[in-house]
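Note sheet for the following structure.
Values below: every heavy atom of this structure, side chains too, minus hydrogens, waters and symmetry copies. In this chain, numbering begins with 1 at the start of the sequence shown.
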Amino acid sequence: MLRFEDPIYFWLLLVVPLFFLLRMASWRKKRKQLRKLGDPALLAQLAPDVSKYRPTVKFWLQMAAVAVLVLMLPHPPPSSSWKYPYK
């Protein structure tokens with residue numbers, strides 16, 4: 001069983017779903033504004049170099065980085081076979 005120095009930091013993992021909900025809300029608002037502006041097919045022709053996938057990939061990479069940083073905060077102990085070099 002793993003023991004952590006500060007397990008209270010695991011509560012920060014709740015930030016990831018919160019960011020996901022904020023992202024979905026902003027995405028819906030952006031889609032609504034673009035529909036108000038004009039026909040989506042016409043807008044796609046006017047801006048052909050705009051990537052559909054890049055913002056999504058960027059968001060998920062950022063969320064993965066946040067999750068890894070949060071998982072590093074509780075300071076999991078090293079394995080029993082590994083020794084600290086300075087002791």
Apply ring pair (Phe, Tyr, Trp, His ring centres under 6.0 Å) to the pair F59 and W27, showing each step before the final yes or no.
-> CA-CA 12 Å; F59 172 75; W27 180 70; over 10 Å; no
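A chain of hydrophobic side-chain contacts below 4.5 Å, direct or via other Ile, Leu, Val, Met, Phe, Trp or Tyr residues, connects V15 to W60. Criterion: ILVMFWY side-chain heavy atoms under 4.5 Å apart, direct or through other members. Under it, L22 and V70 are part of a common hydrophobic cluster. In terms of hydrophobic clustering, with Ile, Leu, Val, Met, Phe, Trp and Tyr side chains grouped at heavy-atom distances under 4.5 Å, I8 and L69 are assigned to different clusters. Grouping the Ile, Leu, Val, Met, Phe, Trp and Tyr side chains by contacts below 4.5 angstrom, directly or via other members, places V66 with M24. By the criterion of side-chain heavy atoms lying less than 4.5 angstrom apart, applied directly or through intervening Ile, Leu, Val, Met, Phe, Trp or Tyr residues, F19 is grouped together with V16 in one hydrophobic cluster.
Remark: L18 CG to R23 CZ distance equals 14.5 Å, nearest 0.5 Å. Rounded to the nearest 0.5 Å, atoms CZ (R28) and NZ (K32) are 9.5 Å apart. Taking CG of L34 as the start and CG of D39 as the end, the distance is 11.5 Å to the nearest 0.5 Å. We find the CG-CG distance between L73 and D6 to be 8.5 Å, quoted to the nearest 0.5 Å. A distance of 10.5 Å separates OG in S26 from CD in Q33, rounded to the nearest 0.5 Å. With rounding to the nearest 0.5 Å, the separation of CZ in F20 from CE in M63 is 11.0 Å.
The side chain to side chain contact (heavy atoms under 4.5 Å, CB included) search around L46 returns L42, L43, not counting sequence neighbours. With sequence neighbours left out, the side chain to side chain contact (heavy atoms under 4.5 Å, CB included) criterion links P74 to F4, Y9, F10.
Smallest separation of non-hydrogen atoms from R35 and P40: CG-CG, 4.4 Å.
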